There are 4 protein chains.
Amino acid sequence: MKKNKPKYTQIIDAAVKVIAENGYHSSQVSKIAKQAGVADGTIYLYFKNKEDILVSLFQQKMGNFIQKIEEETNSQQTAVEKLLKLIEKHFEQLTADHHLAIVTQLELRQSNKELRLKINEVLKRYLTVIDQIIEEGIQDEIFRNDIDKRLVRQMIFGTLDEAVTNWVMKEQHYDLVEQAGAVHDMIVRGLTYRT
Amino acid sequence: MKKNKPKYTQIIDAAVKVIAENGYHSSQVSKIAKQAGVADGTIYLYFKNKEDILVSLFQQKMGNFIQKIEEETNSQQTAVEKLLKLIEKHFEQLTADHHLAIVTQLELRQSNKELRLKINEVLKRYLTVIDQIIEEGIQDEIFRNDIDKRLVRQMIFGTLDEAVTNWVMKEQHYDLVEQAGAVHDMIVRGLTYRT
Amino acid sequence: MKKNKPKYTQIIDAAVKVIAENGYHSSQVSKIAKQAGVADGTIYLYFKNKEDILVSLFQQKMGNFIQKIEEETNSQQTAVEKLLKLIEKHFEQLTADHHLAIVTQLELRQSNKELRLKINEVLKRYLTVIDQIIEEGIQDEIFRNDIDKRLVRQMIFGTLDEAVTNWVMKEQHYDLVEQAGAVHDMIVRGLTYRT
Amino acid sequence: MKKNKPKYTQIIDAAVKVIAENGYHSSQVSKIAKQAGVADGTIYLYFKNKEDILVSLFQQKMGNFIQKIEEETNSQQTAVEKLLKLIEKHFEQLTADHHLAIVTQLELRQSNKELRLKINEVLKRYLTVIDQIIEEGIQDEIFRNDIDKRLVRQMIFGTLDEAVTNWVMKEQHYDLVEQAGAVHDMIVRGLTYRT
DNA sequence: CATGAATGAGCGTTCATTCAT
DNA sequence: GATGAATGAACGCTCATTCAT
């Protein structure tokens with residue numbers, strides 16, 4: 001698995017395009033190879049098997065996705081600001097790459113349990129970012145200290161995920177990013193002390 | 001399709017068990033037939049094709065699920081109480097039938113887009129229940145009137161769904177129902193006026 | 001096999017209709033039963049199996065067909081006249097029952113070798129009628145005595161069969177019966193002495 | 001579909017053998033693949049589906065068959081001589097390849113209407129050869145000018161076809177080729193002027 | 001490194017036939 | 001005799017993966 005070779009990225013990008021345009025179940029290895037401009041067999045020089053393409057795809061794309069969010073939230077001062085930034089960047093990035101949005105929100109969920117477990121591994125890093133913001137909010141006595149942190153994380157991630165999925169399924173007919181504020185507002189109200 | 005015949009239910013129950021135990025992609029028609037104690041061909045006396053088994057499964061099980069929630073929420077007075085009941089019953093019912101929980105939260109999501117569209121049809125009825133509670137809360141001036149109803153619905157459904165999925169993936173090692181109150185609390189705080 | 005019962009004929013007539021309208025491969029036993037107005041199982045009280053329906057169908061219908069031709073040719077004096085009558089009645093009868101024409105010329109030929117062998121048994125009686133006319137023609141010194149009788153029979157039957165099949169495949173857009181004279185003429189010229 | 005590859009021919013030849021020996025309805029794709037010495041899947045690299053094997057088989061084999069007849073008849077001077085050559089070559093070629101004879105005369109006729117339509121397309125070329133000979137015979141005033149050309153063609157093709165089918169069904173117990181003269185004689189007498 | 005022809009396991013569905021009622 | 005629900009064997013086709021070149 002030589003991850004620095006251009007063909008590695010070529011194949012992953014081809015996979016995103018093919019899956020977004022044809023759907024998970026119509027995305028045969030041969031179709032991805034064709035789109036990438038390589039022979040079928042070449043795929044197996046860079047990936048262990050088909051599942052490995054998808055896992056790698058998710059790792060690469062979500063890696064960037066999460067890193068961007070980590071950077072942007074770190075540039076913010078308070079937990080509340082960080083949370084807003086997280087929501088904004090989450091929506092912005094998926095809005096900017098609608099192929100990726102389709103693949104992560106709809107198509108990759110059709111994969112089997114095994115693949116989804118590996119996907120969850122990747123997501124843990126994102127959930128950790130959320131956890132840290134929650135923790136920070138509690139430490140700074142901005143968020144209530146009687147909340148169940150796991151539940152809060154589930155609420156935040158569940159809400160964002162459902163919002164994006166709905167937006168993708170509605171074929172992106174409205175502006176997702178401009179809803180970041182409202183989503184943030186609802187969530188924060190649930191977490192902060194009433195003053 | 002004789003839906004009142006015992007074999008119809010037999011096959012659906014067999015499908016739930018087989019899918020929960022083997023996973024969506026390892027649930028061949030022949031395996032379901034064997035579990036149901038009928039011949040392969042018998043399946044096709046009650047269902048148009050394999051997909052029809054899954055759609056029917058979802059319609060039957062989620063039909064009951066939603067009806068129970070409708071009944072229980074209607075017996076409550078305020079929007080806040082109704083929302084609590086909805087969350088409790090949502091968690092209770094999936095806790096009571098963990099095979100069904102696995103199937104709806106993990107396995108059926110691996111189905112193709114077509115099937116998922118039909119599943120969404122069924123879910124619409126549940127989303128309508130949520131919508132009505134939100135509406136009622138606003139009418140009664142308990143919920144803030146500047147909220148985006150669609151976003152609220154996405155938050156509620158997304159949070160519950162994520163909470164259940166996490167619980168299923170953790171192999172039900174903790175008590176989901178006892179979290180209903182905390183989840184309810186977080187959500188309601190996001191919706192009500194600060195007093 | 002109770003051949004005198006009305007249901008026996010009912011089923012055969014249903015089979016002709018179903019096969020003519022749906023084609024051999026879309027003519028399931030259940031479809032024939034429905035058309036006949038009986039239960040699937042009832043078929044098996046009157047016929048050993050599906051093939052037996054088709055053999056019986058052919059025996060009944062071709063039995064009548066051949067008997068008619070035998071009668072009509074016997075009412076003629078010379079071999080030449082008899083041959084004309086045979087051709088006319090062959091064309092007339094299939095023109096009169098186009099369902100039967102479709103079934104015998106196109107659909108039943110899709111059956112397997114075994115069934116076709118049984119069909120040939122039935123046809124032998126027809127070929128015998130032809131043979132007798134040829135024999136008579138030679139005896140009466142109307143037909144040449146150096147002809148190979150088997151070949152003549154093949155020419156006669158092959159020509160009529162091909163003519164009818166063409167007519168059926170052209171969806172009966174022209175009048176088959178009015179060609180009887182021309183066909184007869186060509187054949188007879190091949191058989192008689194040049195004077 | 002790479003028609004110049006040896007495997008393409010291998011599979012077609014295997015199909016002829018398998019169908020001739022097992023009958024149309026017992027000729028599964030897997031059996032043809034085994035006979036051809038390739039994997040089942042390989043079949044589908046060279047043919048669109050099972051029907052395509054059969055259509056291609058007919059096109060290839062009958063293509064050669066007809067081409068040979070075209071060449072040989074063209075080397076003859078008169079319509080009468082051409083017709084004799086046509087009959088001789090028709091009988092010779094099917095005598096030389098009795099597997100092919102069984103397949104074309106008996107087994108392929110069991111195919112469905114769709115396939116038979118495609119087969120008829122191929123046969124049209126043969127019928128055209130016959131038509132041209134008839135036309136030429138009339139032009140040269142050897143054949144009578146009051147004959148119905150379509151009927152003549154049906155007589156010629158029907159007679160040859162019936163003769164070969166009889167020979168195949170009698171399991172080739174006699175010499176078909178030596179009958180060519182007699183068949184030719186009968187047909188020509190029906191077409192020429194009596195002098 | 002790269003190719004792409006070849007592989008072969010795996011599965012949804014049909015339908016002639018049976019048999020308990 | 002009549003029913004029709006139930007049976008289960010049979011098969012064409014796909015596609016991830018391999019490997020000789």
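Here is the naming used below: chain letters follow the sequence lines, and residue numbers restart at 1 for every chain. Treat the numbers as computed from the prediction; the structure is a model and nothing was measured.
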Self-check item: Contacts of type salt bridge (charged side-chain N to carboxylate O under 4.0 Å, His left out), residue C:Lys124, not counting sequence neighbours
Solution: C:Glu121

Quiz item: Where does the angle between the aromatic ring planes of A:Phe47 and A:Tyr8 fall among parallel (under 30°), tilted (30 to 60°) and perpendicular (over 60°)?
Solution: parallel

Quiz item: Which parts of nucleotides 12-18 of chain E does protein reach within less than 4.0 Å, heavy atoms only, written one letter per nucleotide 5' to 3' as B for base, S for sugar-phosphate only and - for none?
Solution: SBBSSBB

Self-check item: Residue pairs passing the salt bridge (Lys or Arg N to Asp or Glu O under 4.0 Å) test where at least one lies in residues 53-65 of chain B, sequence neighbours excluded
Solution: B:Asp13-B:Lys61

Quiz prompt | Rounded interatomic separation in angstrom, taking CD1 from A:Ile53 and P from F:dC15 | solution = 15 Å

Practice problem: Any pair with a residue in residues 26-35 of chain D that passes salt bridge (Lys or Arg N to Asp or Glu O under 4.0 Å), sequence neighbours left out, goes on the list, sorted by first then second residue, please. | Solution: none

Practice problem: Kindly compute the distance separating CG (C:Leu57) from CD1 (C:Ile119), expressed to the nearest 0.5 Å. | Solution: 9.0 Å

Quiz item: Does a side-chain N or O from C:Lys7 land closer than 4.0 Å to OP1 or OP2 of F:dA2, or not?
Solution: yes

Quiz item: Of all residues at least two apart in sequence or in a different chain, which pass the side chain to side chain contact (heavy atoms under 4.5 Å, CB included) check with B:Gln35?
Solution: B:Ala14, B:Lys17, B:Val18

Quiz prompt | Pairing residues for A:His98 by the side chain to side chain donor-acceptor pair (under 3.5 Å) criterion, not counting sequence neighbours | solution = none

Exercise. Measure the distance from CG on D:Asp52 to P on F:dT14 and round it to the nearest whole Å.
Key: 12 Å

Quiz prompt | Contacting residues from residues 14-22 of chain C, given that a heavy atom lies under 4.0 angstrom of DNA chain E | solution = none

Quiz prompt | Residue mapping more 5' on DNA chain E - nearest nucleotide basis, A:Val38 or D:Ala39 | solution = A:Val38

Quiz prompt | With sequence neighbours excluded, residues passing side chain to side chain donor-acceptor pair (under 3.5 Å) with B:Arg116 | solution = none

Practice problem: Name all residues meeting the side chain to side chain donor-acceptor pair (under 3.5 Å) criterion together with C:Glu21; count only those two or more places apart in sequence or in a different chain, and write none if there are none. | Solution: none

Quiz item: Under 4.0 Å between a side-chain N/O of D:Tyr46 and OP1 or OP2 of E:dA5, yes or no?
Solution: no

Exercise. Write down the distance between CD1 (C:Ile43) and P (F:dG1), rounded to a whole number of angstrom.
Key: 14 Å

Self-check item: With C:Thr42 via side chain to side chain donor-acceptor pair (under 3.5 Å) - residues at least two apart
Solution: none

Quiz item: Taking a pair as Watson-Crick (N1 to N3 plus N6-O4 or O6-N4) or G-U wobble (N1-O2 and O6-N3), both under 3.5 Å, which stems of 3 or more consecutive pairs involve DNA chain F?
Solution: E:2-21 with F:2-21

Quiz item: What is the distance, rounded to the nearest whole Å, between atom CG of D:Leu54 and atom C1' of F:dG12?
Solution: 12 Å

Practice problem: Give the rounded distance in Å between these two atoms: NZ of B:Lys34 and P of F:dA6. | Solution: 20 Å

Quiz item: Quick one: D:Tyr8 OH to E:dA6 P, roughly how many Å, whole number?
Solution: 15 Å

Self-check item: Residues which pass side chain to side chain contact (heavy atoms under 4.5 Å, CB included) with A:Val29, listed by chain and number, not counting sequence neighbours
Solution: A:Ile43, A:Tyr44, A:Lys50

Quiz prompt | C1'-based separation of E:dC1 from F:dT21 [nearest Å] | solution = 13 Å

Quiz item: Rounded to the Å, how far apart are D:Lys31 NZ and F:dG12 C1'?
Solution: 14 Å

